Amino acid sequence: MALLFPMVMSGPRLGRAHANEQELAPWLEAATKVEMAHRDAIAWLRSRLPGYPMLPAPQLAPNTPLTTREFTWRLSWQPGEQGQGLQFRAAPSRTAELLEVSGGQSTELEESARWLARAFSETEEWLRLDAATRSLTASDRDDLQKCRSRIKRRLVPAAVDEHDDRLALPRDEFRSSVVLEELESLQGGARGYAFAFDAMDQLIEYAVSDVFGQLLAYGPPQRLSPIAALDFNPGAMPSVSFSTDDSAWLDTCQILWLDSDFVADAVMVTGLTISLDPGRSMGQRITARLLTGSGEAWA
């Protein structure tokens, strides 16, 4: 997707947000620099991926959720990103400049980026992608290329327009469904690589955008108490479900510590249900993703 904040400035004039552009413009200019710095850091981290820049991932075909210039829920790869030689740079090159920091702060930013890249390289997702990349045969690569070509053909602008020529969400859903349908058709090493790439790319987005964004905006996680009826939901992205009373007003994406001896890691709220019982207090049922390893890391 194109940079968000310039889109805000050039979009339709809705409500009071545009009532005083002279007052709003400096904030949007600063926010745009922060967004550009964030994208610079993400691009550099992606350049650490095994096999970069020659990534055979079908998801990087033109006009997919990862490459479209329209609305997408994903943090899209920017045009020409893989040809910038990011893999040869020791740290994100523009982050400090965009954030207008220098000296010790700049050095700290670079060291933090390198530490994060090392941490990613030790994750299960990274190791799985590395193994899948190393085991690709010529036949696997050919299958991935054919899959990429099919996605490109099915997502030409005219095809997306035919599905919906006005609304952003249906267009995004169409792109996502086409990519998933084609990935599901893959077999063997090609299939293993495609889904390993997706898992690793989503982990980078989740950690650096969602989790770090919450910590930056709201500070360290609060501890939630009391909780009851704790359930564990295993899987590729393990989560927990639990109940709490009306003493806490929670939001999706909020990061919490749970007052429980059974959950050592922080969690991110992904869903909540509020129940109202006349004459009694309100209850909440929360679903939250486990931030695996966060308890040890914070300690």
Side-chain angles (χ1 to χ4, degrees), residues 1 35-68 72-95 109-138 140-149 151-152 175-176 179-180 182-183 186 188-213 236-237 291-293 297:
M1 183 170 63
E35 182 182 358
M36 292 173 67
H38 178 60
R39 288 180 177 271
D40 181 63
I42 289 282
W44 182 81
L45 288 166
R46 283 168 166 167
S47 76
R48 311 293 101 182
L49 292 176
Y52 188 94
M54 305 302 292
L55 301 174
Q59 297 94 321
L60 297 180
N63 214 21
T64 68
L66 282 185
T67 58
T68 181
T72 173
W73 292 110
R74 303 295 302 275
L75 192 67
S76 58
W77 293 54
Q78 298 300 291
E81 183 176 305
Q82 292 168 261
Q84 296 176 5
L86 300 177
Q87 69 273 24
F88 302 119
R89 299 178 186 174
S93 59
R94 301 179 60 218
T95 304
L109 274 176
E110 292 180 357
E111 284 298 324
S112 296
R114 285 190 283 268
W115 178 90
L116 187 57
R118 288 193 296 270
F120 275 130
S121 70
E122 296 171 0
T123 62
E124 180 181 337
E125 289 84 355
W126 186 290
L127 296 175
R128 190 186 314 131
L129 177 60
D130 186 43
T133 302
R134 293 175 184 274
S135 64
L136 283 175
T137 64
D140 293 332
R141 290 183 179 275
D142 184 56
D143 288 344
L144 289 168
Q145 182 56 51
K146 289 177 179 177
C147 180
R148 191 166 180 158
S149 296
I151 292 173
K152 178 181 179 180
R175 292 187 179 94
S176 297
V179 171
L180 181 58
E182 291 295 345
L183 295 186
L186 292 170
R191 180 186 178 89
Y193 174 85
F195 283 98
F197 171 84
D198 193 59
M200 188 62 231
D201 193 58
Q202 289 204 47
L203 178 63
I204 291 175
E205 278 191 43
Y206 185 69
V208 185
S209 289
D210 298 351
V211 176
F212 284 6
M237 293 185 292
L291 303 183
T292 307

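Atom set for the values below is all heavy atoms of this structure, side chains included, hydrogens, waters and symmetry mates excluded. Positions are given from 1, in the same order as the sequence printed here. Predicted model, so just to flag it, every value in this text is computed and none were measured.
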Q | 4.5 Å side-chain heavy-atom contact, R175 and T72 | A | no
**Q.** R148 to A57 - nearest heavy-atom pair and separation
**A.** NH1-O, 3.4 Å
Q: Work out which heavy atom in R89 is nearest to a heavy atom in S93; give both atom names and the distance.
A: NH1-OG, 2.9 Å
Q) Around R94, counting heavy atoms of other residues, nucleotides and ligands shown, do more than 12 lie under 6.0 Å from its CZ? A) no
Q. Taking atom CD of E182 and atom NZ of K152, what is their separation to the nearest 0.5 Å?
A. 14.5 Å
Q) Can any side-chain N or O of R39 pair as donor or acceptor with the backbone N or O of Q78 at less than 3.5 Å? A) no
**Q.** Donor-acceptor contact below 3.5 Å, side chain T95 vs main chain P92
**A.** no
(Q) Between W126 and P50, is there a side-chain heavy-atom distance shorter than 4.5 Å? (A) yes
Q. Hey, does E81 have a side-chain heavy atom less than 4.5 Å from the side chain of R46?
A. yes
Q) Looking only at heavy atoms, what is the nearest atom pair of G80 and Q84, with distance? A) O-CG, 3.4 Å
**Q.** Nearest non-hydrogen partners of S209 and L75, listed with the distance
**A.** OG-CD2, 3.9 Å
Q | Stepwise side-chain contact (heavy atoms from CB on, under 4.5 Å) test for W77 and D201 | A | CA-CA 10 Å; W77 293 54; D201 193 58; 3.5 Å; yes
Q) Atom OH of Y193 and atom SG of C147: how far apart are they, to the nearest 0.5 Å? A) 12.0 Å
Q: Name all residues meeting the salt bridge (Lys or Arg N to Asp or Glu O under 4.0 Å) criterion together with K146; count only those two or more places apart in sequence or in a different chain, and write none if there are none.
A: D142
Q.
With a 4.5 Å cut-off on side-chain heavy atoms, are F197 and L60 touching?
A. yes
Q. Considering residues at least two apart in sequence or located in another chain, which fulfil the salt bridge (Lys or Arg N to Asp or Glu O under 4.0 Å) criterion with R48?
A. none
Q | Residue pair P65 / W73, side-chain heavy-atom distance below 4.5 Å | A | no
Q) Can you find a pair of side-chain heavy atoms, one from Q87 and one from P53, that are under 4.5 Å apart? A) yes
Q | Shortest non-hydrogen separation from S135 to D140 and the atoms involved | A | O-OD2, 3.9 Å
Q. Got M200 and F120 here, is their nearest side-chain heavy-atom distance under 4.5 Å?
A. yes
Q. Does A194 offer a backbone N or O that forms a donor-acceptor pair with the side chain of Q59 under 3.5 Å?
A. yes
Q | Main-chain N/O of T64 paired with T67 side-chain donor or acceptor, under 3.5 Å | A | yes
Q | Whether E205 side chain and Q202 backbone form a donor-acceptor pair below 3.5 Å | A | no
Q. If you look at every heavy atom in L186 and P58, which pair is closest and at what distance?
A. CD1-CG, 4.5 Å
Q.
Looking at D198 and R74, is there a salt bridge between them, counting it only when a charged N and a carboxylate O are closer than 4.0 Å?
A. yes
Q: Show your reasoning for whether side-chain contact (heavy atoms from CB on, under 4.5 Å) applies to L127 and T123.
A: CA-CA 6 Å; L127 296 175; T123 62; over 6 Å; no
Q: Decide, yes or no, whether a salt bridge links R128 with E125 under the criterion of side-chain N to carboxylate O below 4.0 Å.
A: no
(Q) How long is the straight-line distance from OG of S121 back to CG of L116, given to the nearest 0.5 Å? (A) 10.0 Å
Q.
Can you tell me how far apart CG (L45) and CD1 (I204) are? Round to the nearest 0.5 Å.
A. 6.0 Å
(Q) Let's go through L144 and L136 carefully: what are the C-alpha distance in whole Å and the side-chain angles of both, what is the deciding distance for side-chain contact (heavy atoms from CB on, under 4.5 Å) to 0.1 Å, and is it a yes or a no? (A) CA-CA 10 Å; L144 289 168; L136 283 175; 4.0 Å; yes
Q: Verify side-chain contact (heavy atoms from CB on, under 4.5 Å) between Y52 and L86, making sure each step is shown before the conclusion.
A: CA-CA 9 Å; Y52 188 94; L86 300 177; 4.0 Å; yes
